[in-house]
A.B. asks: 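One structure follows; several queries about it will come next.
Each chain gets a letter, A, B and so on, in the order the sequences are listed, and its residues count up from 1. Not measured: the values here are computed from a predicted model.
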Amino acid sequence: MRVSKMLTRTLKETPAEAETISHKLLLRAGMISQLVAGVYTYLPLAWRVLRKIEDIVRAEMDAAGGQELSMPVLQPLDLWQKSGRDVAFGKGLFNLTDRRERKLVLGPTHEEVITQLVSQNVRSYRDLPLMPYQMQTKFRDEPRARGGLLRGREFLMKDLYSFDADEAGLARSYDAMLQAYHHIYSRCGLPALAVEADSGAIGGKASHEFMVIAESGEDEIIRCNGCGYAANVEKAEAVKGEVSGGAPLLLEEVATPGAATIEEVSAFLKVPPQRTLKAVFYMADGQLVFAVIRGDLDVNEVKLKNNLRCTDLRMASEAEVNAAGIVAGAASPVKLSGVRVVADDSITSGTNFIAGGNRPETHLRNVNYPRDFSADIIADIARARAGQGCARCGGSLSAMRGIEVGHVFKLGTFLSEKLGAFFVDEKGESRPIIMGCYGIGLGRMLAAAIEQNHDDKGIIWPLPIAPYQVYLCPLYREGSAVAEVAEKIYNELTSAGVEVLFDDRVESPGVKFNDADLLGIPLRVTISPRTLDKNSAEMKWRRDKESSLAPLEGIAGRGKGLINERMAGAQV
RNA sequence: CGGGGUGUAGCGCAGCUGGUCAGCGCGCAGCGUUUGGGACGCUGAGGCCGGAGGUUCAAAUCCUCUCACCCCGACCA
């Protein structure tokens, strides 16, 4: 490809709408163009990257037993009502109505369609397992699209669905996918970490997310430095530590003027935060819930929501708390009635806590569970954080941010039961097919690759997914043979099967080098009067500092060799 | 949906206490000089100032409504 013929140009200045690095660089490199919020055109360079990612994903899906198909974007709303997930997706579903007033949605995912399809085709356990997949554009009316390709309302996704006759089969399918996913990320030069993930309200036994570690990531990951345990903070467990308080003492009231927060109370009473109880109020499906947790810990709302089995959870307003006759800032579960109490299990191990007195500016000393109060639910509802102990091995936990580039999920039989996907087993009995689903955000992978591979000059593409492998960069000078030689090398490299972006523009060296750096093509081949004097061309890897000279004779073979070497090697 | 912000040339922005306020830089076109890290000179093209109302002798500028986009939060298989 000749740069002079490309549809897009590079930008010197970053468009104001971009905040994250990948978004800025994608715009500056002329790889994407926004149409409306969260919806982008993939311009030729980005499309080439996406196709490379797709090729790798396709190869691994096929190798793992997948079979590719393509399902419709346009789906009847009825199907979603049948599964009940029209409610779960809510406003995230793009709705439309056809000329016959039939309600349709733009598919946000394809479990319903595939399950229906499978139900029409599978009769017997002999027909299983199945692993159909597709690469398809998904539509989700996100409350807030952001970060360019990182979170769009229209995005490319690979989705595979597994259908098995029994749990063991599901486990095999699931493991095959975990393996395939590891292969995919590693082949793309984009190391991703598999972390345990929350399985959500719909349930299921296991779920893993694949995370690319990046500052701009929307998710927080908790990871053990000892055993390698890693989990999304939504799900992560940690050792909370024992807090002794001695033998239970008599409950006693103390005045705490002006002290309402944990910090204030613990400073005022000269007691460490872990010896206090924190009260947090939520509205769960419209009902007030009182969450109690040790003062040094924070409530994990996902865990709380799962324990409450509610669909809507949010912090309660002060008015809602007051309406229940509770004193915010001095609330406690002691002598409380009429409100559902959920306590973190951390409160069961210590004694003689400080808790609110349920009267303004008053607290209680020596509060003990279960002597002084009860809870409707006792469970782990604490948010894990760096520095705590690993629940598995006792090692030390650290926290990092990640971009979710893949999510695999054991679905179970929820959908197959709702949509009538049954099979007949060996004993002749009808049973629901056991499902799993496995997604990879293709566009998000592209963006994540940039988040992880860039410098202040621009993108540094991992070789396997780079739009082109070589940036051929002749530096023009009147009366020299540079142009002619460049054309020759372009033909030679291209004939050798090397993907070349040929900067045939009559531009100054600075312009060309800066564009080469911005576009991030892995290998830059420069030809100038200077190199021609030595009958050679300059070879420079985008990722490296140094450059070297290679003789013009046999340059195509040399270039191809270097690329193959790097493709095969660890460093891409 | 709550909070905040921004809409002026392809991009980045200034002008916004009403009256040469239709401007600057980059980019673009032509000509010439340049060519190893975003060169220089000259000439030129390009804007219903997001939209609709209103106030006024006069509106990019003030008021109202509206639309779009961005950020924080909420939300998120």
A.B. asks: Once you apply a heavy-atom cut-off of 4.0 Å, does A:Arg505 come out as touching a base, just sugar-phosphate, or nothing?
C.D. replies: nothing

A.B. asks: Applying salt bridge (charged side-chain N to carboxylate O under 4.0 Å, His left out), can you list everything that pairs with A:Lys303, at least two apart in sequence or on another chain?
C.D. replies: A:Asp380

A.B. asks: Going by the rule salt bridge (charged side-chain N to carboxylate O under 4.0 Å, His left out), which residues pair with A:Asp504 if we only count those two or more places apart in sequence or in a different chain?
C.D. replies: A:Arg2

A.B. asks: Does A:Pro143 reach a base, just sugar-phosphate, or nothing at all? Heavy atoms under 4.0 Å.
C.D. replies: base

A.B. asks: Apply side-chain contact (heavy atoms from CB on, under 4.5 Å) to A:Val233 and list each qualifying residue two or more places apart in sequence or on a separate chain.
C.D. replies: A:Glu220, A:Ile222, A:Arg383

A.B. asks: What's A:Glu142 touching, base or sugar-phosphate or nothing? Going by heavy atoms closer than 4.0 Å.
C.D. replies: nothing

A.B. asks: Using a 4.0 Å heavy-atom cut-off across all strands, classify A:Glu538 as base, sugar-phosphate, or nothing.
C.D. replies: base

A.B. asks: In whole angstrom, give the distance that lies between atom CG of A:Asp517 and atom C1' of B:rG38.
C.D. replies: 11 Å

A.B. asks: Just to verify, which of A:Arg153, A:Lys91, A:Arg151 counts as forming a side-chain hydrogen bond (donor to acceptor under 3.5 Å, both in side chains) with A:Glu142?
C.D. replies: A:Arg151

A.B. asks: Can you tell me how far P in B:rG50 sits from the matching atom in B:rA60, rounded to whole Å?
C.D. replies: 10 Å

A.B. asks: Which whole number of Å gives the distance between the C1' atom of B:rU8 and that of B:rC24?
C.D. replies: 12 Å

A.B. asks: On a whole-Å scale, what distance lies between the P atoms belonging to B:rG10 and B:rA45?
C.D. replies: 16 Å

A.B. asks: Counting primed atoms plus P, OP1 and OP2 as sugar-phosphate and everything else as base, spell out the protein contacts along nucleotides 28-34 of chain B at 4.0 Å heavy-atom distance: B, S or - for each nucleotide, 5' to 3'.
C.D. replies: S------

A.B. asks: Using 30° and 60° as the class limits, which term best fits the ring planes of A:Tyr438 and A:Tyr174: parallel, tilted or perpendicular?
C.D. replies: tilted

A.B. asks: Tell me whether the rings of A:Tyr181 and A:Phe210 are parallel (<30°), tilted (30 to 60°) or perpendicular (>60°).
C.D. replies: tilted

A.B. asks: Answer yes when A:Glu492 and A:Lys488 have at least one side-chain N-carboxylate O distance shorter than 4.0 Å, and no when they do not.
C.D. replies: yes

A.B. asks: Taking any heavy-atom pair under 4.0 Å as a contact, classify A:Leu27: base, sugar-phosphate, or nothing.
C.D. replies: nothing

A.B. asks: Has the side chain of A:Arg146 got a donor or acceptor atom sitting under 3.5 Å from an opposite partner on the base of B:rC70?
C.D. replies: no

A.B. asks: Table please: side-chain donor-acceptor pairs of residues 510-518 of chain A below 3.5 Å, with sequence neighbours left out.
C.D. replies:
from, atom 1, to, atom 2, distance (Å)
A:Lys512, NZ, A:Pro474, O, 2.5
A:Lys512, NZ, A:Asp503, O, 3.1
A:Lys512, NZ, A:Arg505, O, 2.8
A:Asn514, OD1, A:Lys457, NZ, 3.2
A:Asn514, ND2, A:Gly510, O, 2.7
A:Asp515, OD1, A:Thr10, OG1, 2.7
A:Asp515, OD2, A:Thr10, OG1, 3.3
A:Asp515, OD2, A:Arg505, NH1, 3.2
A:Asp515, OD2, A:Arg505, NH2, 2.9

A.B. asks: Determine the interatomic distance between P on B:rA14 and the same-named atom on B:rA9; round to the nearest Å.
C.D. replies: 12 Å

A.B. asks: Identify whether any heavy atom of A:Arg140 sits under 4.0 Å from a base atom; if not, whether one sits that close to sugar-phosphate; answer base, sugar-phosphate or nothing.
C.D. replies: sugar-phosphate

A.B. asks: Identify whether any heavy atom of A:Arg153 sits under 4.0 Å from a base atom; if not, whether one sits that close to sugar-phosphate; answer base, sugar-phosphate or nothing.
C.D. replies: nothing

A.B. asks: List in chain and number order the residues that pass side chain to side chain donor-acceptor pair (under 3.5 Å) with A:Glu507, two or more places apart in sequence or in another chain; answer none if no residue qualifies.
C.D. replies: none

A.B. asks: What's the CE-P distance between A:Met539 and B:rG36, to the nearest Å?
C.D. replies: 21 Å

A.B. asks: Given the structure, check if the side chain of A:Arg28 and the base of B:rG38 hold any donor-acceptor pair shorter than 3.5 Å.
C.D. replies: yes

A.B. asks: Rounded to whole angstrom, note down the C1' distance from B:rC75 over to B:rG37.
C.D. replies: 46 Å

A.B. asks: From the set B:rG38, B:rC76, B:rC11, return the single nucleotide nearest to any side-chain atom of A:Thr10.
C.D. replies: B:rG38

A.B. asks: To the nearest angstrom, how far is A:Ile527 atom CD1 from B:rU35 atom C1'?
C.D. replies: 15 Å

A.B. asks: Reckon A:Lys457 touches a base, only the sugar-phosphate, or nothing at all at heavy-atom distances under 4.0 Å?
C.D. replies: base

A.B. asks: Name each donor-acceptor pair under 3.5 Å that joins a side chain in residues 33-47 of chain A to protein atoms two or more places apart or in another chain, with its distance.
C.D. replies:
from, atom 1, to, atom 2, distance (Å)
A:Gln34, OE1, A:Tyr40, OH, 2.9
A:Tyr40, OH, A:His23, NE2, 3.4

A.B. asks: Taking only residues two or more places apart in sequence or in another chain, which ones pass salt bridge (charged side-chain N to carboxylate O under 4.0 Å, His left out) with A:Glu68?
C.D. replies: A:Arg58

A.B. asks: Looking at A:Lys305, does any N or O in its side chain come under 4.0 Å of the phosphate oxygens OP1/OP2 on B:rC76?
C.D. replies: yes

A.B. asks: Base, sugar-phosphate, or nothing: which does A:Thr109 touch, judged by heavy atoms less than 4.0 Å apart?
C.D. replies: nothing

A.B. asks: Given the C1' atoms of B:rG12 and B:rC70, what is the spacing between them in whole Å?
C.D. replies: 15 Å

A.B. asks: Output a table of nitrogen or oxygen pairs between the protein and nucleotides 4-8 of chain B separated by less than 3.5 Å.
C.D. replies:
none

A.B. asks: How is A:Ala16 classified with respect to the nucleic acid when contacts are heavy atoms under 4.0 Å: base, sugar-phosphate, or nothing?
C.D. replies: sugar-phosphate

